[in-house]
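Here is the structure we will look at, set down as C-alpha coordinates.
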Amino acid sequence: MKCSWKLVLLLICLCLAVQYTAIRSIHDFFPRPCQDFRQCQKCPEIDKSWKSSDNNYTPTNHNTVSTRKHIHLFSQTRSGSSFAGQLFNQHPDIFYMYEPLYHAQQTFCNYSKCLWKPLDRAVQGVYRDLLFNLYTCDLNFLENYIQPEPRDHLTASFFRQTSSHALCSPPVCQVENKKIIEMQPNEDWCRKKCRLLNLTLASMACQSRSHVSIKTVRIPQVSDLRLLTEDPRLDLRIIHLVRDPRAILASRITAFPDQFIAWKIWNATDRQPHYVDLGQITKTCQDMEYSVDIGLKKPAWLHRRYLLVRYEDLALNPEAKAKEIYKFLDLDIDNKVLTWISQNTNATSSAKSKYSTSRDSKTTTESWRLHLGFDIVKTVQKLCNNTLDLLGYKTVQSEEELRNIRNSLVEPRTFS
Ligand SMILES: *[C@@H]1O[C@H](CO)[C@@H](O)[C@H](O)[C@H]1NC(C)=O
Ligand SMILES: *[C@@H]1O[C@H](CO)[C@@H](O)[C@H](O)[C@H]1NC(C)=O
Ligand SMILES: *[C@@H]1O[C@H](CO)[C@@H](O)[C@H](O)[C@H]1NC(C)=O
Ligand SMILES: *[C@@H]1O[C@H](CO)[C@@H](O)[C@H](O)[C@H]1NC(C)=O
Ligand SMILES: *[C@@H]1O[C@H](CO)[C@@H](O)[C@H](O)[C@H]1NC(C)=O
(Lines give C-alpha, C1' and ligand atoms only; values in the text may rest on other atoms or scores of the structure.)
(Ligands and ions follow the chains in the order given, each with its own letter.)
Protein backbone atom coordinates (compact mmCIF):
# COMPACT_ATOMS: atom_id res chain seq x y z
CA MET A 1 0.00 0.00 0.00
CA LYS A 2 2.65 2.48 1.06
CA CYS A 3 4.71 1.67 -1.97
CA SER A 4 1.92 2.41 -4.43
CA TRP A 5 1.25 5.80 -2.78
CA LYS A 6 4.82 6.76 -3.39
CA LEU A 7 4.49 5.71 -6.99
CA VAL A 8 1.41 7.88 -7.48
CA LEU A 9 3.16 10.82 -5.88
CA LEU A 10 6.16 10.35 -8.11
CA LEU A 11 3.96 10.20 -11.19
CA ILE A 12 2.20 13.43 -10.23
CA CYS A 13 5.50 15.21 -9.75
CA LEU A 14 6.77 13.97 -13.07
CA CYS A 15 3.60 15.10 -14.77
CA LEU A 16 3.82 18.60 -13.27
CA ALA A 17 7.43 18.91 -14.30
CA VAL A 18 6.62 18.03 -17.90
CA GLN A 19 3.77 20.55 -17.96
CA TYR A 20 5.93 23.25 -16.47
CA THR A 21 8.63 22.75 -19.07
CA ALA A 22 6.07 22.79 -21.86
CA ILE A 23 4.49 26.02 -20.63
CA ARG A 24 7.88 27.63 -20.21
CA SER A 25 8.95 26.80 -23.72
CA ILE A 26 5.67 28.02 -25.22
CA HIS A 27 6.04 31.20 -23.23
CA ASP A 28 9.58 31.76 -24.50
CA PHE A 29 8.61 30.95 -28.02
CA PHE A 30 6.03 33.70 -28.37
CA PRO A 31 7.05 37.30 -27.91
CA ARG A 32 5.60 38.91 -24.85
CA PRO A 33 2.38 40.73 -25.49
CA CYS A 34 2.22 44.40 -24.69
CA GLN A 35 -0.97 44.16 -22.73
CA ASP A 36 0.62 43.67 -19.38
CA PHE A 37 2.77 46.71 -19.55
CA ARG A 38 4.20 46.32 -16.05
CA GLN A 39 6.20 43.36 -17.29
CA CYS A 40 6.82 44.53 -20.77
CA GLN A 41 10.06 46.45 -20.98
CA LYS A 42 10.98 45.71 -24.54
CA CYS A 43 7.90 46.35 -26.55
CA PRO A 44 8.61 47.20 -30.14
CA GLU A 45 8.69 50.90 -30.64
CA ILE A 46 5.64 52.38 -32.19
CA ASP A 47 6.13 52.95 -35.87
CA LYS A 48 6.56 56.65 -36.24
CA SER A 49 6.57 56.60 -40.02
CA TRP A 50 2.88 57.45 -40.09
CA LYS A 51 3.34 61.06 -39.28
CA SER A 52 1.59 63.48 -41.51
CA SER A 53 3.67 66.40 -42.61
CA ASP A 54 1.18 69.10 -41.72
CA ASN A 55 1.95 69.33 -38.04
CA ASN A 56 5.15 69.96 -36.24
CA TYR A 57 5.14 66.84 -34.14
CA THR A 58 8.70 65.53 -33.91
CA PRO A 59 9.22 62.29 -32.05
CA THR A 60 12.47 61.70 -30.23
CA ASN A 61 14.26 58.40 -30.42
CA HIS A 62 13.71 57.21 -26.90
CA ASN A 63 13.06 53.54 -26.76
CA THR A 64 10.06 53.50 -24.55
CA VAL A 65 8.92 57.04 -24.02
CA SER A 66 6.60 58.41 -26.64
CA THR A 67 6.31 62.15 -27.08
CA ARG A 68 2.61 61.84 -27.61
CA LYS A 69 0.57 63.27 -24.76
CA HIS A 70 -2.50 61.65 -23.34
CA ILE A 71 -5.58 63.34 -21.98
CA HIS A 72 -8.16 61.53 -19.92
CA LEU A 73 -11.53 63.16 -19.44
CA PHE A 74 -12.61 61.30 -16.35
CA SER A 75 -16.25 61.66 -15.40
CA GLN A 76 -19.58 60.03 -14.62
CA THR A 77 -22.78 59.57 -16.55
CA ARG A 78 -24.72 62.83 -17.03
CA SER A 79 -22.01 65.10 -15.70
CA GLY A 80 -21.59 67.17 -18.84
CA SER A 81 -18.73 65.12 -20.23
CA SER A 82 -20.03 65.18 -23.82
CA PHE A 83 -19.93 68.95 -23.63
CA ALA A 84 -16.49 69.05 -22.03
CA GLY A 85 -15.23 66.48 -24.53
CA GLN A 86 -15.85 68.94 -27.32
CA LEU A 87 -13.08 71.13 -25.96
CA PHE A 88 -10.70 68.36 -27.04
CA ASN A 89 -12.63 67.06 -30.01
CA GLN A 90 -12.40 70.46 -31.71
CA HIS A 91 -8.64 70.76 -31.43
CA PRO A 92 -6.84 69.75 -34.65
CA ASP A 93 -3.84 68.24 -32.82
CA ILE A 94 -5.96 66.02 -30.61
CA PHE A 95 -7.28 62.62 -31.58
CA TYR A 96 -10.44 62.37 -29.52
CA MET A 97 -12.38 59.22 -28.70
CA TYR A 98 -15.80 59.21 -27.11
CA GLU A 99 -16.39 56.33 -24.65
CA PRO A 100 -14.45 53.59 -26.42
CA LEU A 101 -14.72 51.46 -23.27
CA TYR A 102 -18.34 50.96 -24.22
CA HIS A 103 -17.34 48.08 -26.48
CA ALA A 104 -15.43 46.24 -23.78
CA GLN A 105 -18.24 46.82 -21.33
CA GLN A 106 -20.77 45.34 -23.73
CA THR A 107 -18.72 42.17 -23.85
CA PHE A 108 -19.19 41.62 -20.14
CA CYS A 109 -22.70 42.84 -19.46
CA ASN A 110 -25.77 44.31 -21.01
CA TYR A 111 -26.11 48.01 -21.46
CA SER A 112 -28.78 49.14 -19.06
CA LYS A 113 -27.40 47.27 -16.08
CA CYS A 114 -23.71 47.58 -16.60
CA LEU A 115 -23.37 51.33 -16.44
CA TRP A 116 -24.06 51.21 -12.74
CA LYS A 117 -22.43 47.90 -11.94
CA PRO A 118 -19.39 47.88 -9.68
CA LEU A 119 -16.33 47.04 -11.67
CA ASP A 120 -14.68 43.78 -10.83
CA ARG A 121 -10.93 43.55 -10.97
CA ALA A 122 -10.77 41.48 -14.11
CA VAL A 123 -12.81 44.06 -16.02
CA GLN A 124 -10.64 46.83 -14.59
CA GLY A 125 -7.68 45.07 -16.15
CA VAL A 126 -9.45 44.83 -19.48
CA TYR A 127 -10.26 48.54 -19.39
CA ARG A 128 -6.69 49.42 -18.54
CA ASP A 129 -5.26 47.32 -21.37
CA LEU A 130 -7.73 48.83 -23.77
CA LEU A 131 -6.99 52.38 -22.68
CA PHE A 132 -3.27 51.78 -22.94
CA ASN A 133 -3.59 50.43 -26.45
CA LEU A 134 -5.86 53.24 -27.55
CA TYR A 135 -3.53 55.84 -26.06
CA THR A 136 -0.73 54.30 -28.11
CA CYS A 137 -2.97 54.52 -31.17
CA ASP A 138 -3.66 50.83 -31.60
CA LEU A 139 -7.35 51.05 -32.42
CA ASN A 140 -7.27 47.55 -33.83
CA PHE A 141 -7.17 46.40 -30.23
CA LEU A 142 -10.88 47.27 -30.14
CA GLU A 143 -11.61 44.57 -32.68
CA ASN A 144 -11.72 42.03 -29.87
CA TYR A 145 -14.76 43.75 -28.45
CA ILE A 146 -16.74 45.25 -31.32
CA GLN A 147 -19.94 43.40 -32.23
CA PRO A 148 -20.34 42.18 -34.91
CA GLU A 149 -16.70 41.32 -35.29
CA PRO A 150 -14.96 43.60 -37.80
CA ARG A 151 -13.86 42.02 -41.06
CA ASP A 152 -10.67 43.17 -42.73
CA HIS A 153 -10.44 45.77 -39.94
CA LEU A 154 -13.61 47.40 -41.17
CA THR A 155 -16.57 48.10 -38.91
CA ALA A 156 -19.88 49.90 -39.12
CA SER A 157 -20.42 49.54 -35.36
CA PHE A 158 -17.88 51.83 -33.77
CA PHE A 159 -19.68 53.36 -30.79
CA ARG A 160 -20.54 57.01 -31.45
CA GLN A 161 -18.03 57.36 -34.24
CA THR A 162 -19.83 60.56 -35.18
CA SER A 163 -18.76 62.13 -31.89
CA SER A 164 -15.15 61.96 -32.91
CA HIS A 165 -14.08 64.62 -35.37
CA ALA A 166 -11.01 62.63 -36.41
CA LEU A 167 -13.13 59.62 -37.34
CA CYS A 168 -15.41 61.73 -39.50
CA SER A 169 -12.80 63.55 -41.52
CA PRO A 170 -9.95 62.68 -43.90
CA PRO A 171 -7.95 60.54 -44.06
CA VAL A 172 -10.21 58.24 -42.03
CA CYS A 173 -13.35 59.29 -43.82
CA GLN A 174 -12.79 60.15 -47.45
CA VAL A 175 -14.77 63.11 -48.60
CA GLU A 176 -14.58 64.63 -52.02
CA ASN A 177 -16.25 67.85 -51.11
CA LYS A 178 -13.68 70.07 -49.40
CA LYS A 179 -16.34 72.45 -48.11
CA ILE A 180 -17.86 69.74 -45.96
CA ILE A 181 -14.51 69.08 -44.33
CA GLU A 182 -14.32 72.67 -43.24
CA MET A 183 -17.69 72.45 -41.61
CA GLN A 184 -18.46 70.70 -38.37
CA PRO A 185 -19.06 67.08 -39.18
CA ASN A 186 -22.78 66.98 -38.97
CA GLU A 187 -23.70 63.76 -37.19
CA ASP A 188 -26.25 62.63 -39.75
CA TRP A 189 -23.94 63.33 -42.56
CA CYS A 190 -21.08 61.48 -40.91
CA ARG A 191 -23.30 58.51 -40.21
CA LYS A 192 -24.13 58.23 -43.89
CA LYS A 193 -20.78 59.05 -45.42
CA CYS A 194 -18.27 57.58 -43.01
CA ARG A 195 -20.14 54.54 -41.84
CA LEU A 196 -17.56 51.92 -42.61
CA LEU A 197 -14.60 52.67 -40.38
CA ASN A 198 -11.19 51.26 -41.28
CA LEU A 199 -9.55 50.75 -37.89
CA THR A 200 -6.07 50.48 -39.37
CA LEU A 201 -6.52 53.79 -41.07
CA ALA A 202 -7.93 55.28 -37.87
CA SER A 203 -4.83 54.09 -35.99
CA MET A 204 -2.64 55.82 -38.54
CA ALA A 205 -4.64 59.02 -38.23
CA CYS A 206 -4.18 58.80 -34.47
CA GLN A 207 -0.41 58.43 -34.91
CA SER A 208 -0.30 61.63 -36.87
CA ARG A 209 -1.58 63.74 -33.99
CA SER A 210 0.42 64.89 -31.02
CA HIS A 211 -2.31 64.25 -28.43
CA VAL A 212 -4.79 61.48 -27.79
CA SER A 213 -7.82 62.24 -25.66
CA ILE A 214 -10.30 59.73 -24.32
CA LYS A 215 -13.48 60.43 -22.44
CA THR A 216 -14.86 57.81 -20.08
CA VAL A 217 -17.71 57.56 -17.63
CA ARG A 218 -16.97 53.88 -17.07
CA ILE A 219 -14.02 54.10 -14.71
CA PRO A 220 -15.31 54.49 -11.15
CA GLN A 221 -12.40 56.04 -9.29
CA VAL A 222 -9.29 57.96 -10.18
CA SER A 223 -7.18 55.34 -8.41
CA ASP A 224 -8.25 52.93 -11.15
CA LEU A 225 -6.08 55.02 -13.49
CA ARG A 226 -3.01 54.87 -11.32
CA LEU A 227 -1.09 52.26 -13.34
CA LEU A 228 -1.64 54.28 -16.49
CA THR A 229 -0.30 57.45 -14.87
CA GLU A 230 2.77 55.52 -13.73
CA ASP A 231 3.46 53.90 -17.07
CA PRO A 232 6.63 55.46 -18.47
CA ARG A 233 5.38 55.05 -22.02
CA LEU A 234 2.42 57.33 -21.41
CA ASP A 235 2.19 60.95 -20.38
CA LEU A 236 -1.27 61.05 -18.90
CA ARG A 237 -3.15 64.11 -17.70
CA ILE A 238 -6.47 63.62 -16.02
CA ILE A 239 -9.26 66.16 -16.22
CA HIS A 240 -11.69 65.15 -13.51
CA LEU A 241 -15.08 66.56 -14.39
CA VAL A 242 -17.59 66.62 -11.55
CA ARG A 243 -21.12 67.93 -11.23
CA ASP A 244 -23.66 68.52 -8.51
CA PRO A 245 -25.07 65.02 -7.80
CA ARG A 246 -28.58 66.44 -7.56
CA ALA A 247 -28.21 67.69 -11.13
CA ILE A 248 -26.73 64.36 -12.22
CA LEU A 249 -29.72 62.54 -10.82
CA ALA A 250 -32.24 64.89 -12.43
CA SER A 251 -30.50 64.43 -15.75
CA ARG A 252 -30.42 60.63 -15.45
CA ILE A 253 -34.13 60.49 -14.68
CA THR A 254 -34.83 62.45 -17.83
CA ALA A 255 -32.32 60.67 -20.06
CA PHE A 256 -33.07 57.09 -19.01
CA PRO A 257 -36.80 57.10 -18.17
CA ASP A 258 -37.28 53.31 -18.25
CA GLN A 259 -34.56 52.74 -15.69
CA PHE A 260 -35.83 55.44 -13.38
CA ILE A 261 -39.52 54.71 -13.21
CA ALA A 262 -39.47 54.52 -9.41
CA TRP A 263 -37.77 57.89 -9.27
CA LYS A 264 -40.32 59.37 -11.64
CA ILE A 265 -43.08 58.20 -9.35
CA TRP A 266 -41.24 59.61 -6.36
CA ASN A 267 -40.76 62.91 -8.19
CA ALA A 268 -44.42 63.12 -9.14
CA THR A 269 -45.82 62.17 -5.72
CA ASP A 270 -43.10 63.48 -3.40
CA ARG A 271 -43.30 60.13 -1.62
CA GLN A 272 -40.47 57.64 -1.77
CA PRO A 273 -41.52 54.25 -3.18
CA HIS A 274 -40.05 51.52 -0.97
CA TYR A 275 -38.46 49.74 -3.98
CA VAL A 276 -36.46 52.71 -5.21
CA ASP A 277 -32.75 51.98 -5.55
CA LEU A 278 -30.65 54.49 -3.64
CA GLY A 279 -27.47 52.52 -4.23
CA GLN A 280 -26.60 54.03 -7.58
CA ILE A 281 -26.59 57.70 -6.63
CA THR A 282 -24.85 56.82 -3.36
CA LYS A 283 -22.10 55.07 -5.31
CA THR A 284 -21.83 57.99 -7.70
CA CYS A 285 -21.27 60.33 -4.78
CA GLN A 286 -18.79 58.03 -3.06
CA ASP A 287 -16.76 57.57 -6.23
CA MET A 288 -16.71 61.33 -6.72
CA GLU A 289 -15.73 61.97 -3.13
CA TYR A 290 -12.92 59.37 -3.08
CA SER A 291 -11.50 60.57 -6.36
CA VAL A 292 -11.58 64.25 -5.42
CA ASP A 293 -10.07 63.40 -2.08
CA ILE A 294 -7.18 61.58 -3.68
CA GLY A 295 -6.77 64.15 -6.43
CA LEU A 296 -6.51 67.07 -4.06
CA LYS A 297 -4.09 65.24 -1.77
CA LYS A 298 -1.69 65.15 -4.72
CA PRO A 299 -0.01 61.78 -4.29
CA ALA A 300 3.23 61.37 -6.25
CA TRP A 301 1.56 59.38 -9.01
CA LEU A 302 -0.81 62.26 -9.73
CA HIS A 303 1.82 64.95 -9.52
CA ARG A 304 0.91 67.58 -12.15
CA ARG A 305 -1.43 65.08 -13.72
CA TYR A 306 -4.74 65.93 -12.07
CA LEU A 307 -7.10 68.83 -12.62
CA LEU A 308 -10.49 69.06 -10.95
CA VAL A 309 -13.17 70.86 -12.97
CA ARG A 310 -16.70 71.49 -11.86
CA TYR A 311 -19.10 71.30 -14.77
CA GLU A 312 -20.93 74.33 -13.41
CA ASP A 313 -17.80 76.48 -13.66
CA LEU A 314 -17.18 75.29 -17.18
CA ALA A 315 -20.75 76.00 -18.20
CA LEU A 316 -20.82 79.45 -16.63
CA ASN A 317 -17.51 80.53 -18.03
CA PRO A 318 -16.61 78.17 -20.83
CA GLU A 319 -13.90 80.20 -22.47
CA ALA A 320 -11.96 81.04 -19.32
CA LYS A 321 -12.27 77.48 -18.05
CA ALA A 322 -11.19 76.02 -21.38
CA LYS A 323 -8.11 78.24 -21.32
CA GLU A 324 -7.30 77.05 -17.83
CA ILE A 325 -7.62 73.43 -18.91
CA TYR A 326 -5.34 73.99 -21.89
CA LYS A 327 -2.82 75.72 -19.69
CA PHE A 328 -2.78 72.68 -17.46
CA LEU A 329 -2.22 70.53 -20.55
CA ASP A 330 0.65 72.74 -21.74
CA LEU A 331 -1.09 73.01 -25.06
CA ASP A 332 -2.09 76.10 -26.98
CA ILE A 333 -5.82 76.42 -27.27
CA ASP A 334 -6.77 76.43 -30.91
CA ASN A 335 -9.08 78.98 -32.50
CA LYS A 336 -11.32 76.13 -33.57
CA VAL A 337 -11.96 75.38 -29.89
CA LEU A 338 -12.77 79.00 -29.13
CA THR A 339 -15.04 79.23 -32.15
CA TRP A 340 -16.88 76.10 -31.09
CA ILE A 341 -17.38 77.56 -27.63
CA SER A 342 -18.81 80.81 -28.85
CA GLN A 343 -21.12 79.03 -31.27
CA ASN A 344 -22.38 76.44 -28.86
CA THR A 345 -22.83 78.12 -25.54
CA ASN A 346 -25.40 80.66 -26.63
CA ALA A 347 -29.15 80.21 -26.36
CA THR A 348 -29.89 80.37 -30.06
CA SER A 349 -29.01 76.80 -30.97
CA SER A 350 -31.98 74.56 -31.72
CA ALA A 351 -30.77 70.97 -32.16
CA LYS A 352 -31.17 68.89 -29.01
CA SER A 353 -30.60 65.22 -28.53
CA LYS A 354 -29.99 63.14 -25.41
CA TYR A 355 -26.27 63.75 -25.76
CA SER A 356 -26.56 67.19 -27.22
CA THR A 357 -23.54 69.31 -26.52
CA SER A 358 -24.83 72.68 -27.56
CA ARG A 359 -26.86 74.60 -25.08
CA ASP A 360 -27.31 77.89 -23.39
CA SER A 361 -24.96 76.73 -20.72
CA LYS A 362 -25.55 79.63 -18.37
CA THR A 363 -29.23 79.03 -17.84
CA THR A 364 -29.15 75.23 -17.87
CA THR A 365 -26.62 74.58 -15.13
CA GLU A 366 -29.07 74.99 -12.29
CA SER A 367 -32.31 74.29 -14.10
CA TRP A 368 -32.49 70.91 -12.34
CA ARG A 369 -33.74 72.88 -9.35
CA LEU A 370 -37.04 73.39 -11.14
CA HIS A 371 -37.37 69.73 -12.14
CA LEU A 372 -36.64 67.71 -9.06
CA GLY A 373 -39.05 67.06 -6.20
CA PHE A 374 -37.97 68.51 -2.85
CA ASP A 375 -38.27 65.15 -1.14
CA ILE A 376 -35.76 63.63 -3.55
CA VAL A 377 -33.46 66.60 -3.09
CA LYS A 378 -33.53 66.16 0.68
CA THR A 379 -32.69 62.46 0.35
CA VAL A 380 -29.79 63.08 -2.03
CA GLN A 381 -28.48 65.81 0.25
CA LYS A 382 -28.42 63.28 3.06
CA LEU A 383 -26.80 60.53 1.01
CA CYS A 384 -24.25 62.83 -0.58
CA ASN A 385 -23.62 65.38 2.17
CA ASN A 386 -19.84 64.90 2.17
CA THR A 387 -19.57 65.17 -1.60
CA LEU A 388 -21.69 68.32 -1.72
CA ASP A 389 -19.63 69.86 1.04
CA LEU A 390 -16.31 68.91 -0.53
CA LEU A 391 -17.21 70.42 -3.89
CA GLY A 392 -18.91 73.57 -2.68
CA TYR A 393 -22.50 72.76 -3.57
CA LYS A 394 -24.86 74.34 -1.04
CA THR A 395 -27.72 72.36 0.39
CA VAL A 396 -31.26 73.75 0.65
CA GLN A 397 -33.53 73.50 3.63
CA SER A 398 -36.86 74.34 2.02
CA GLU A 399 -38.64 73.95 -1.27
CA GLU A 400 -38.75 77.71 -1.59
CA GLU A 401 -35.00 77.90 -1.32
CA LEU A 402 -34.67 75.11 -3.87
CA ARG A 403 -36.82 76.83 -6.48
CA ASN A 404 -35.36 80.28 -6.04
CA ILE A 405 -32.91 79.92 -8.85
CA ARG A 406 -31.61 83.48 -8.47
CA ASN A 407 -29.53 82.35 -5.52
CA SER A 408 -26.94 80.01 -6.91
CA LEU A 409 -26.11 76.86 -4.97
CA VAL A 410 -22.65 76.76 -6.50
CA GLU A 411 -20.16 78.39 -4.15
CA PRO A 412 -17.18 80.00 -5.79
CA ARG A 413 -14.22 77.67 -5.21
CA THR A 414 -10.77 77.14 -6.55
CA PHE A 415 -9.28 73.72 -6.20
CA SER A 416 -5.57 73.25 -6.29
C1 LIG B 1 -27.87 40.43 -22.89
O2 LIG B 1 -29.29 40.37 -23.01
C3 LIG B 1 -29.74 39.50 -24.03
C4 LIG B 1 -31.24 39.59 -24.14
O5 LIG B 1 -31.82 40.20 -23.04
C6 LIG B 1 -29.27 38.06 -23.71
O7 LIG B 1 -29.68 37.18 -24.73
C8 LIG B 1 -27.77 38.05 -23.60
O9 LIG B 1 -27.31 36.77 -23.23
C10 LIG B 1 -27.28 39.07 -22.58
N11 LIG B 1 -25.82 39.11 -22.59
C12 LIG B 1 -25.06 39.15 -21.49
C13 LIG B 1 -23.60 39.20 -21.70
O14 LIG B 1 -25.55 39.13 -20.37
C1 LIG C 1 -7.57 50.06 -44.46
O2 LIG C 1 -6.56 51.04 -44.44
C3 LIG C 1 -5.27 50.53 -44.67
C4 LIG C 1 -4.31 51.66 -44.49
O5 LIG C 1 -4.57 52.68 -45.39
C6 LIG C 1 -5.22 49.91 -46.07
O7 LIG C 1 -3.92 49.38 -46.29
C8 LIG C 1 -6.25 48.82 -46.16
O9 LIG C 1 -6.28 48.32 -47.49
C10 LIG C 1 -7.62 49.35 -45.78
N11 LIG C 1 -8.54 48.24 -45.73
C12 LIG C 1 -9.59 48.15 -46.52
C13 LIG C 1 -10.40 46.90 -46.41
O14 LIG C 1 -9.89 49.03 -47.30
C1 LIG D 1 -23.00 84.73 -27.88
O2 LIG D 1 -23.41 85.67 -26.92
C3 LIG D 1 -22.46 86.68 -26.66
C4 LIG D 1 -22.98 87.56 -25.56
O5 LIG D 1 -24.36 87.73 -25.60
C6 LIG D 1 -22.19 87.46 -27.95
O7 LIG D 1 -21.21 88.45 -27.72
C8 LIG D 1 -21.73 86.49 -29.02
O9 LIG D 1 -21.56 87.18 -30.24
C10 LIG D 1 -22.71 85.38 -29.21
N11 LIG D 1 -22.17 84.43 -30.14
C12 LIG D 1 -22.89 83.87 -31.10
C13 LIG D 1 -22.15 82.92 -31.96
O14 LIG D 1 -24.06 84.08 -31.26
C1 LIG E 1 -40.70 66.09 -11.62
O2 LIG E 1 -42.03 66.52 -11.50
C3 LIG E 1 -42.29 67.83 -11.98
C4 LIG E 1 -43.76 68.17 -11.74
O5 LIG E 1 -44.04 68.00 -10.41
C6 LIG E 1 -41.98 67.93 -13.46
O7 LIG E 1 -42.13 69.25 -13.90
C8 LIG E 1 -40.53 67.47 -13.68
O9 LIG E 1 -40.24 67.46 -15.05
C10 LIG E 1 -40.28 66.12 -13.07
N11 LIG E 1 -38.85 65.86 -13.14
C12 LIG E 1 -38.32 64.79 -13.70
C13 LIG E 1 -36.84 64.70 -13.66
O14 LIG E 1 -38.98 63.91 -14.23
C1 LIG F 1 -22.58 63.84 6.64
O2 LIG F 1 -23.47 63.01 7.36
C3 LIG F 1 -22.81 62.12 8.25
C4 LIG F 1 -23.85 61.18 8.85
O5 LIG F 1 -25.02 61.87 9.16
C6 LIG F 1 -22.09 62.93 9.32
O7 LIG F 1 -21.39 62.09 10.19
C8 LIG F 1 -21.08 63.88 8.63
O9 LIG F 1 -20.46 64.72 9.57
C10 LIG F 1 -21.80 64.72 7.57
N11 LIG F 1 -20.79 65.47 6.84
C12 LIG F 1 -20.86 66.78 6.61
C13 LIG F 1 -19.75 67.38 5.83
O14 LIG F 1 -21.75 67.47 7.03
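Start at 1 and go down the list; that is how both ligands and their atoms are numbered.
With a 4.0 Å heavy-atom cut-off, ligand 4 is reached by no atom of Leu370. Contact annotation for His153 and ligand 2: no heavy atom of the residue comes within less than 4.0 Å of the ligand.
Counting atoms of ligand 4 from 1 in the listed order, those under 4.0 Å from a heavy atom of Thr254 are 13 (C). Which parts of ligand 2 touch Leu201 is read off a 4.0 Å heavy-atom cut-off, strictly below it: atoms 2 (O), 4 (C), 5 (O). Counting the atoms of ligand 2 from 1 in the order shown, those under 4.0 Å from a heavy atom of Met204 are 4 (C). The atoms of ligand 5 that sit less than 4.0 Å from any heavy atom of Asn386 are 1 (C), 10 (C), 11 (N), 12 (C), 13 (C). Under a 4.0 Å criterion applied to the non-hydrogen atoms of Lys264, ligand 4 contributes the atoms 14 (O).
Closest to atom 14 (O) of ligand 2, if we only count protein heavy atoms, is Asn198 ND2, 3.8 Å. Looking from atom 1 (C) of ligand 5 to the surrounding protein, the closest heavy atom is Asn385 ND2, 1.4 Å. Closest to atom 2 (O) of ligand 4, if we only count protein heavy atoms, is Asn267 ND2, 2.3 Å. For atom 13 (C) of ligand 2, the nearest non-hydrogen atom of the protein is Leu154 CD1, 3.6 Å. From the protein, the heavy atom lying nearest to atom 9 (O) of ligand 4 is His371 ND1, 4.0 Å.
The shortest N or O to N or O distance between Asp152 and ligand 2 is not below 3.5 Å. The shortest N or O to N or O distance between Asp389 and ligand 5 is not under 3.5 Å.
When ring centroids are compared, Tyr393 and Trp368 stay outside the 6.0 Å threshold. Between Tyr326 and His91, a ring centre-to-centre spacing shorter than 6.0 Å is recorded.
Under the 3.5 Å distance criterion, with hydrogens and angles disregarded, no donor-acceptor pair is assigned to the side chains of Tyr96 and His211. For the residue pair Arg403 and Ser398, no side-chain donor N or O sits within less than 3.5 Å of a side-chain acceptor on the partner. No side-chain N or O of Ser79 forms a donor-acceptor pair with one of Arg243 less than 3.5 Å apart.
Taken together, the cysteine pair Cys173 and Cys168 keeps its SG atoms at least 2.5 Å away from each other.
Using a 4.0 angstrom heavy-atom cutoff, Leu372 does not count as in contact with ligand 4.
Between the side chain of Ser251 and the main chain of Ala247, no donor-acceptor pair closer than 3.5 Å is present.
Within a 4.0 Å radius of atom 11 (N) of ligand 5, the protein contributes at least one heavy atom. The presence of a protein heavy atom under 4.0 Å from atom 5 (O) of ligand 5 is ruled out.
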**Request:** For the pair Asn140 and Ser203, evaluate side chain to side chain contact (heavy atoms under 4.5 Å, CB included) and give the outcome as yes or no after the intermediate values.
**Result:** CA-CA 7 Å; Asn140 295 101; Ser203 300; 3.5 Å; yes

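Cation-pi geometry between Arg310 and Phe415 is not satisfied (NZ or CZ under 6.0 Å from the ring centre, within 45° of the ring normal). At least one test fails for Arg209 against the ring of Phe95: distance under 6.0 Å to the centre or angle within 45° of the axis.
The aromatic rings of Tyr98 and Phe159 lie tilted to each other, with the angle between the two planes from 30° to 60°.
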